[in-house]
J.: 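This is the structure I want to talk about, given as structure tokens.
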Amino acid sequence: DAGVIQSPRHEVTEMGQEVTLRCKPISGHNSLFWYRQTMMRGLELLIYFNNNVPIDDSGMPEDRFSAKMPNASFSTLKIQPSEPRDSAVYFCASSLGGAGNEKLFFGSGTQLSVL
Amino acid sequence: GDSVTQMEGPVTLSEEAFLTINCTYTATGYPSLFWYVQYPGEGLQLLLKATKADDKGSNKGFEATYRKETTSFHLEKGSVQVSDSAVYFCAQKTGANNLFFGTGTRLTVIP
């Protein structure tokens, strides 16, 4: 398996623009997570899905952020409009959920820079 | 609420030195505990885990023992290598299917 695939690897945009980050989880995994990593705040969970359904989105910073998982093999994280403080590395991770199996597989991340 | 606290870095060691990175947890019960490692330019990957008190997780020469008396899960390695340079995250399971990560500790090993 190719692992969790994220795109793009790098994104540079201007303030006010819409940004869409994409993630393809590992085939067969039923849980998907979006994390944001910054120097100041470390690794923060934004939202996670189980069986394509959002379970906990309490980490989504504000209404400018939205995430979807239309099917088991694809998820998007959208920021509209983007702001400079959104600059961070965004990670997607997937796992085969269930009690006793909490091993997350992370993608390589998307480095977002909002100018 | 449930959380983990790990020692702040950065940590710089010479090759073959002994490594300890402290981690303590706060939880109402006995959650599963983990150490993840992030190499430069990559996503996090699981290093080791322990699911109950007194369990010892180990992998690649790293070890961590789940100690409920001190609510700790310190990461140790007897002899670090340059290739161990990375950021290490302590984490605990929260809820049915989620992990809470610590802030990370950057380790640099110099030859």
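Reminder, nothing fancy here: chain letters follow the sequence lines and each chain counts from 1.
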J.: Side chain from CB out, backbone as N, CA, C, O: work out which of these in A:R9 comes under 4.5 Å of a heavy atom of chain B, or both, or neither.
T.: side chain
J.: Would A:Y90 and A:M69 show up in the same hydrophobic cluster when neighbours are defined by side-chain heavy atoms closer than 4.5 Å?
T.: yes
J.: Would you mind reporting whether A:L43 and B:Y36 have side-chain heavy atoms less than 4.5 Å apart?
T.: no
J.: Non-hydrogen atoms of chain A under 4.5 Å away: do they reach the side chain of B:F89, the backbone, both or neither?
T.: side chain
J.: Kindly check if the number of other-residue, nucleotide or ligand heavy atoms within 6.0 Å of CZ (A:R64) is above 12?
T.: yes
J.: Specify the closest pair of heavy atoms between A:F91 and B:Q38, including all atoms of both residues, with the distance to one decimal.
T.: CZ-NE2, 3.2 Å
J.: For the atom pair OG1 (B:T103) and CD (A:Q37), what is the distance rounded to the nearest 0.5 Å?
T.: 11.0 Å
J.: Determine whether A:Y35 and A:I55 fall in the same hydrophobic cluster, where Ile, Leu, Val, Met, Phe, Trp and Tyr are linked whenever their side-chain heavy atoms lie under 4.5 Å apart.
T.: yes
J.: Going hydrophobic residue to hydrophobic residue with side-chain gaps under 4.5 angstrom, can you get from A:L45 over to B:Y25?
T.: no
J.: Is it true that B:Y39 and B:L75 fall in one hydrophobic cluster, defined by side-chain heavy atoms closer than 4.5 Å?
T.: yes
J.: What is the distance from atom CG of B:L99 to atom OG of A:S95, rounded to the nearest 0.5 Å?
T.: 8.0 Å
